[in-house]
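Hydrogens, waters and symmetry mates are skipped; everything else that's a heavy atom, side chains included, is used. Chain letters run A, B, ... following the sequence lines, proteins first and then strands; every chain starts at 1.
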Protein chains: 2
Amino acid sequence: MGKATKRTVTIRDVAAAADVAVGTVSRVLNDHQSVTKQVRERVQKTILTLGYQRNAIAQSMRSARTKMVACAIRDFDIPAFASYVKAAEATFRSAGYTFILASTANDKDVELSLLQTFGQRRVDGVMMTMSDETDPDLVNAITHVAMPIVLIDRELVQSVDSVSADHRAGARQATEYLLSLGHRRIALLVGDPKAYPSRSRIEGYTEAHRSFGVPVDPHLIRDRLLSNEATFRETAALLGRSERPTAIYAAGLDTLSGPLRAVRTAGLVVGQDISIVSGNDSDLAELNTPPITALRWDRSEMGRHAAEMLLDRIEHGRQSPPRRIRLPVSLVVRGSCRPA
Amino acid sequence: MGKATKRTVTIRDVAAAADVAVGTVSRVLNDHQSVTKQVRERVQKTILTLGYQRNAIAQSMRSARTKMVACAIRDFDIPAFASYVKAAEATFRSAGYTFILASTANDKDVELSLLQTFGQRRVDGVMMTMSDETDPDLVNAITHVAMPIVLIDRELVQSVDSVSADHRAGARQATEYLLSLGHRRIALLVGDPKAYPSRSRIEGYTEAHRSFGVPVDPHLIRDRLLSNEATFRETAALLGRSERPTAIYAAGLDTLSGPLRAVRTAGLVVGQDISIVSGNDSDLAELNTPPITALRWDRSEMGRHAAEMLLDRIEHGRQSPPRRIRLPVSLVVRGSCRPA
DNA sequence: GAGTGTCAATGAACCGTTTCCAATCGATAA
DNA sequence: TTATCGATTGGAAACGGTTCATTGACACTC
């Protein structure tokens with residue numbers, strides 16, 4: 001007897017059961033004025049008894065707002081992203097937004113396809129990076145996205161908001177620290193210079209050398225190191241050279257464990273045979289024996305700023321000029337560096 | 001002149017421009033049969049020129065499928081979650097689903113409110129844990145969720161699918177290893193026994209003692225340790241006792257750095273003055289000096305299995321009985337334990 | 001040439017909200 | 001008593017897709 005299919009209960013069912021018009025139920029749901037206390041309570045009771053659950057899809061359909069925000073990161077594995085994503089999600093959630101998260105693997109095609117997906121889903125805003133700041137397709141896609149966007153640690157596209165860390169200053173600080181300890185052969189391990197962080201780290205490293213009057217040996221700069229494995233291999237290669245570096249500045253994202261493994265494999269001891277500075281502070285850096293001197297900046301702050309900028313754009317800021325936030329980077333000196 | 005508002009282009013605009021009916025455009029979009037090659041190409045060209053972007057909201061509205069999946073984890077900060085979330089997201093994305101991620105902070109109210117949000121958003125499936133497997137509100141919410149759900153590392157709710165690791169066997173293995181080295185005062189640090197992992201670790205620990213005929217000292221079991229700070233404090237307290245433990249089994253999630261800090265603060269040396277087994281393998285465990293003996297299981301596999309089970313439920317599995325996957329846990333022996 | 005079958009394409013209904021205009025009602029003012 | 005006004009409520013249109021019954025065109029058969 002009866003229909004076997006249990007239809008989900010809609011606003012119309014509520015209206016019928018409470019003997020009011022659908023418009024009235026909607027007004028109750030949205031806390032609009034001009035609904036009698038009596039009617040309001042009757043509707044609310046009906047909602048409870050029927051177990052009505054508002055359909056966010058229909059709501060978005062009508063209002064053209066999804067209350068969803070998308071974020072693309074390079075890789076979930078990278079601990080450096082965790083605190084920043086965490087802060088962003090918390091900010092969005094407390095503002096009533098739902099958070100979509102995806103990873104790009106630093107791949108242009110994935111980035112483009114995610115942008116398309118986000119567009120089709122009509123998210124209210126996007127937070128992301130890009131693998132290559134100079135790629136015309138990516139730049140074009142980023143600048144023509146329909147919704148507000150905040151770039152993280154990218155600065156070349158001038159037309160959108162961005163939040164980044166001052167990697168140039170940080171790199172300069174770290175390099176000058178090593179130079180002042182007397183090191184003259186400092187290896188620099190970085191990621192892809194097509195993106196702002198690595199690019200500006202190379203700049204900072206070069207500036208520091210210039211200010212100390214020390215020539216830069218291009219062989220000591222190893223870039224495009226995007227994985228622990230790659231960093232391990234490059235470090236091992238550097239350590240195998242006749243004139244091996246006396247210090248390593250491991251500046252890439254999540255590239256500390258590679259060098260540590262390589263140093264250990266080569267039978268060397270950090271802080272004695274070789275000095276190390278990590279470009280990203282972490283538990284690993286802090287708890288290593290000896291603890292590793294590292295650069296740090298407030299990643300939660302980064303996520304929070306990005307989220308707040310985006311929310312501001314979504315809810316108020318129509319056409320105000322793009323804003324740029326750059327967070328300070330500082331050097332935490334520990335025990336991994338000795339005078340050369 | 002003209003309208004200032006630039007309306008977004010809809011399927012109707014495409015239909016008008018290509019001089020066909022909306023239904024035809026829809027069939028082109030969905031790769032339906034019975035569209036002339038000629039018409040198909042005309043429509044596709046129009047889509048390109050107009051820059052039409054299909055509206056996923058409207059699509060979901062009609063089809064009652066959102067192609068979105070939600071996942072709630074305890075905290076983004078916990079590296080153990082990264083690889084599992086990563087594998088899950090990859091699986092979902094390659095199946096055409098979008099991934100919503102939220103954190104619960106292990107808080108019942110957050111969990112309930114997220115379930116409600118996911119329900120309102122009409123996601124097609126949910127992947128999550130729960131802070132307390134015995135809480136009636138949570139159990140009720142989980143069992144009455146409208147969409148398919150997969151629980152991670154939770155086994156008490158029998159009516160839904162679940163994926164977990166065999167923590168009891170793992171704990172037993174770790175404890176027996178320490179007992180076989182002669183340790184008789186083994187501290188156990190775990191999270192909240194109201195959830196499956198800690199509960200079964202305590203079981204495994206107890207079983208191991210029983211099989212060795214060694215009585216369990218309840219003072220050595222410290223539970224409800226949910227943060228690095230809490231674990232640090234408890235370990236420090238244990239190390240300060242007159243009869244301090246000779247070994248620590250740090251079984252909680254992400255609770256290795258706390259004990260390591262506490263041991264260092266107490267002026268002790270891991271592997272000499274005290275033995276340590278970590279309940280979760282990590283870079284930190286592997287790269288510590290000495291490397292820490294640890295339990296491990298395939299977290300990517302966990303994420304993949306969970307995602308595949310969920311996809312199966314969503315796309316085929318209507319009413320098949322709940323499935324339960326339990327992954328094996330193994331002990332990786334390194335250098336952090338010495339005979340007592 | 002009428003009847004039949006197949007394949008393409010049309011166009012309207014529908015999904016569940018929000019919003020806006022019209023209608024109703026009670027109270028107050030003239 | 002009647003006109004006026006503000007506060008509530010009703011009801012329908014609109015959002016942008018998908019789907020399905022229907023129509024139109026064409027080829028084929030007898």
Any donor and acceptor pair, going by atom type alone, linking the side chain of A:R324 with main-chain N or O of A:S162 inside 3.5 Å? no
Say whether B:S320 and B:R313, considering side chains only, have a donor N or O and an acceptor N or O under 3.5 Å apart. yes
Quick one: B:N30 CG to D:dG17 P, roughly how many Å, whole number? 11 Å
Between atom CD in B:Q38 and atom P in C:dA8, what is the gap in whole Å? 12 Å
How long is the line joining CD of B:Q120 and P of C:dT17, in whole Å? 10 Å
Under a 4.0 Å heavy-atom criterion, the protein footprint on nucleotides 8-16 of chain D, written with B, S and -, is SBBBBBBBB
Can you tell me the distance, in whole Å, between the CG atom of B:D31 and the P atom of D:dT19? 13 Å
Name of the residue among A:I142, A:V126, A:T129, A:L156 meeting side-chain contact (heavy atoms from CB on, under 4.5 Å) with A:L151: A:I142
Is it true that a side-chain atom of A:R74 and a backbone atom of A:L226 form a donor plus acceptor pair closer than 3.5 Å? yes
Should we count CG of B:D19 as having more than 12 external heavy atoms under 6.0 Å? no
Rounded to whole Å, the CZ-P distance (A:R40 to D:dA7) equals 15 Å
Let me know the distance between NE2 of A:H32 and P of D:dA7, rounded to the nearest Å. 16 Å
Nearest whole Å is fine: how far is C:dA8 C1' from B:K37 NZ? 17 Å
Tell me, do B:F118 and B:M147 make a side-chain contact under 4.5 Å, heavy atoms counted? yes
